[in-house]
4 protein chains.
Amino acid sequence: MFELDLRSRLPIYEQLIEKMKELIIGEVLKPNEQLPSVRTLAQQITINPNTIQKAYRELERQGYIYTVKGKGNFVAPILESMQQEKLEKLKEELLKIVSEAMYLGMKKEDILQIISSVENMLGGGNLK
Amino acid sequence: MFELDLRSRLPIYEQLIEKMKELIIGEVLKPNEQLPSVRTLAQQITINPNTIQKAYRELERQGYIYTVKGKGNFVAPILESMQQEKLEKLKEELLKIVSEAMYLGMKKEDILQIISSVENMLGGGNLK
Amino acid sequence: MFELDLRSRLPIYEQLIEKMKELIIGEVLKPNEQLPSVRTLAQQITINPNTIQKAYRELERQGYIYTVKGKGNFVAPILESMQQEKLEKLKEELLKIVSEAMYLGMKKEDILQIISSVENMLGGGNLK
Amino acid sequence: MFELDLRSRLPIYEQLIEKMKELIIGEVLKPNEQLPSVRTLAQQITINPNTIQKAYRELERQGYIYTVKGKGNFVAPILESMQQEKLEKLKEELLKIVSEAMYLGMKKEDILQIISSVENMLGGGNLK
DNA sequence: GTGGTCTAGACCACC
DNA sequence: GTGGTCTAGACCACG
């Protein structure tokens with residue numbers, strides 16, 4: 001389930017964060033679903049629990065999961081408060097990347113295709 | 001010309017590489033144009049010459065520049081593969097950001113609007 | 001009546017203690033009034049009875065409530081020392097926040113305005 | 001310089017954060033001044049370097065210090081961007097604490113006194 | 001059982 | 001030299 005590249009330049013806790021985000025955004029992990037415990041996951045992917053911890057704490061800070069001490073970590077439902085703020089940031093990022101991409105010759109159609117593929121992923125027909 | 005962020009998590013030699021690549025692909029630096037020498041550039045942006053060296057060596061390895069001993073470093077002619085490589089990276093980034101944005105509720109229209117604004121911006125004086 | 005935050009970093013028994021203290025010092029709970037039994041309260045706020053127990057025991061130790069075996073738990077008469085203790089804590093907090101705010105450029109007037117607005121708010125129907 | 005209470009309930013990395021904030025806010029540590037290195041500080045106060053790291057990273061996240069890899073950690077100058085955001089939060093906190101304090105009988109004069117003491121600390125006459 | 005903190009010691013990239 | 005990451009193993013508080 002979690003394929004990590006131990007040799008990668010990206011620290012493995014960041015790889016973990018990315019993977020988890022994908023699972024949450026792709027709604028493979030549903031809101032309020034419990035995540036594997038720090039220890040269990042550590043054993044499963046044979047990695048130190050501290051490393052999982054680091055990833056989980058960052059995900060919590062970013063609002064993707066929430067922690068109940070003594071219980072576990074859970075997928076956060078989308079909060080409106082964080083939503084607006086975050087969307088603004090994403091819009092800025094989008095603007096930057098889109099302009100760079102189009103400057104280098106990417107066509108409007110290429111971007112539309114990306115949007116479509118995302119719609120399929122998120123839409124009724126969950127790929128899972 | 002080269003705005004570097006010393007505080008960034010990216011090593012500055014990598015920031016240099018990225019900047020140079022963009023200037024080369026965007027043809028701000030024309031093929032066979034001579035690059036500033038390691039020493040002068042180091043002085044200009046007050047950075048350790050070793051760091052510049054490292055960036056130049058890596059750019060040469062990747063085929064973006066070539067070195068003539070005793071003369072200096074020069075911009076290599078652009079290969080399509082370079083643009084392609086860059087565009088692939090941008091596509092991946094786009095996919096990530098778009099899916100995150102749409103998960104948080106951004107509408108297709110919002111993205112289309114961003115595209116339009118970029119089109120307008122580039123529409124007038126595209127250098128290419 | 002008791003709004004607890006299960007996700008908070010503060011253990012919930014401490015949250016309970018703080019809430020109770022405020023209710024007692026603010027005289028929402030009057031001296032010698034009977035508190036809800038451990039079980040009923042546990043049911044009401046759907047929390048482990050052990051947790052309630054722990055809070056009650058600590059409140060007793062600190063002199064805020066007293067226990068009559070076979071009868072239940074009761075609000076102790078307020079001692080000045082309790083108010084004093086609480087006020088000291090608040091003063092420390094105030095000092096920290098005020099110094100941080102003024103370091104970041106908040107003006108004395110801004111704080112005075114906050115005080116005024118609080119005075120207005122309390123002015124009308126102070127329970128005490 | 002750093003008196004830590006190893007027995008305290010507050011984790012020592014949080015104690016460190018508080019101390020550092022005080023030093024920065026009190027301008028004992030001036031903007032762009034270099035902080036002791038992770039290792040040095042660790043030796044000085046005989047604490048594990050990882051613990052210092054944790055404190056430094058959090059301070060960076062909160063905008064109090066910035067890190068230059070390979071160089072060290074430095075006191076951040078006040079950024080306007082973070083300022084506005086943070087001040088809003090502080091105002092809310094202030095409102096909450098002030099209203100609680102005044103409800104419990106704290107006088108306007110007590111608060112004014114706190115403000116004065118802060119003014120002295122920050123003003124021309126640095127206590128150091 | 002859960003997460004949170006801490007230590008000791010190691011290796012890496014960067015400058 | 002600096003910070004950044006990771007491991008192994010320990011102890012604690014919480015529910």
Side-chain angles (χ1 to χ4, degrees), chain A residues 4 6-16 34-43 46-58 60 65-74, chain B residues 4 6-16 42 46-55, chain C residues 4 6-16 42 46-55, chain D residues 4 6-16 34-43 45-60 65-74:
Chain A
L4 299 178
L6 299 189
R7 301 187 207 162
S8 163
R9 300 197 25 146
L10 274 86
I12 65 191
Y13 81 93
E14 283 200 8
Q15 292 180 49
L16 252 175
Q34 181 161 11
L35 299 172
S37 87
V38 173
R39 287 165 170 78
T40 332
L41 189 53
Q43 276 190 326
T46 54
I47 260 189
N48 192 292
N50 285 330
T51 307
I52 312 279
Q53 255 286 34
K54 202 167 178 178
Y56 275 11
R57 273 207 73 192
E58 179 63 16
E60 187 188 15
I65 71 176
Y66 63 91
T67 301
V68 181
K69 277 209 266 192
K71 290 281 190 178
N73 291 282
F74 303 83
Chain B
L4 298 179
L6 297 187
R7 308 181 189 178
S8 163
R9 47 188 340 245
L10 274 84
I12 69 186
Y13 82 93
E14 281 202 8
Q15 291 181 51
L16 252 176
T46 57
I47 262 191
N48 194 312
N50 291 328
T51 310
I52 313 277
Q53 259 298 10
K54 197 165 180 179
Chain C
L4 298 178
L6 297 188
R7 307 180 189 179
S8 163
R9 47 189 340 247
L10 273 84
I12 68 186
Y13 82 94
E14 281 201 10
Q15 291 181 50
L16 252 175
T46 55
I47 262 191
N48 194 311
N50 290 328
T51 309
I52 313 277
Q53 259 297 11
K54 198 164 180 179
Chain D
L4 299 178
L6 300 188
R7 302 186 205 161
S8 163
R9 300 198 26 146
L10 274 86
I12 65 192
Y13 81 93
E14 283 200 7
Q15 292 180 48
L16 252 174
Q34 181 161 10
L35 299 173
S37 87
V38 173
R39 288 165 170 77
T40 331
L41 189 52
Q43 277 190 326
I45 55 185
T46 56
I47 262 191
N48 191 293
N50 286 328
T51 307
I52 313 278
Q53 255 285 36
K54 201 167 180 179
Y56 275 11
R57 273 207 72 193
E58 179 63 15
L59 282 167
E60 187 189 15
I65 71 177
Y66 64 90
T67 301
V68 182
K69 278 209 264 192
K71 290 280 190 178
N73 292 281
F74 304 82

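All values below were derived from every heavy atom in this structure, side-chain atoms included, with hydrogens, water molecules and symmetry-related copies excluded. Proteins come first, then strands; the chains are lettered A, B, ... in the order of their sequence lines, and each starts at number 1.
Across the protein-nucleic acid pair, D/F74 atom CZ and F/dT2 atom P stand 11 Å apart, rounded to whole Å. Across the protein-nucleic acid pair, A/Y66 atom OH and E/dT2 atom P stand 17 Å apart, rounded to whole Å. Taking atom CD of residue D/Q43 and atom P of nucleotide E/dG9, one finds them 13 Å apart after rounding to whole Å.
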One pair to check against side-chain contact (heavy atoms from CB on, under 4.5 Å): D/Q53 and D/R57. What are the steps and the verdict?
CA-CA 6 Å; D/Q53 255 285 36; D/R57 273 207 72 193; 3.9 Å; yes
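Contact of the D/I52 side chain with the D/I45 side chain is registered, since non-hydrogen atoms from C-beta on lie closer than 4.5 Å. Put simply, the side chain of C/L6 reaches to within 4.5 Å of the side chain of C/I47, judged on heavy atoms. Using a 4.5 Å heavy-atom cutoff, the side chains of B/Y13 and B/N50 are not in contact.
Salt-bridge formation is not detected for the pair D/R9/D/E14: no Lys NZ or Arg NE/NH1/NH2 atom is positioned less than 4.0 Å from an Asp or Glu carboxylate oxygen.
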Pairs: protein N or O with nucleotides 3-7 of chain E N or O, under 3.5 Å:
unit_1	atom_1	unit_2	atom_2	d
E/dG3	OP1	A/V38	N	3.4
E/dG3	OP1	A/N73	ND2	3.0
E/dG3	OP2	A/V38	N	3.0
E/dG3	N7	A/R39	NH1	2.8
E/dG3	O6	A/R39	NH2	3.1
E/dG4	OP2	A/Q53	OE1	2.9
E/dG4	OP2	A/Q53	NE2	2.9
E/dT5	OP1	D/Y13	OH	2.9
E/dT5	OP2	D/K54	NZ	3.4
E/dC6	OP1	D/I12	N	2.3
E/dC6	N4	A/N50	OD1	3.3
E/dT7	OP2	D/N48	N	3.2
E/dT7	OP2	D/T51	OG1	2.6

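Between the side chain of D/Q15 and the backbone N or O of D/L10 there is at least one donor-acceptor pair closer than 3.5 Å. At distances below 3.5 Å, at least one donor-acceptor pair connects side-chain atoms of A/Q34 with backbone N or O atoms of A/K71.
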Under the 3.5 Å Watson-Crick or G-U criterion, the dot-bracket string of DNA chain F, with | for inter-strand pairs
||||||||||||||.
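Under the ring-ring contact (aromatic ring centres under 6.0 Å, His included) criterion, D/F74 pairs with D/Y66, not counting sequence neighbours.
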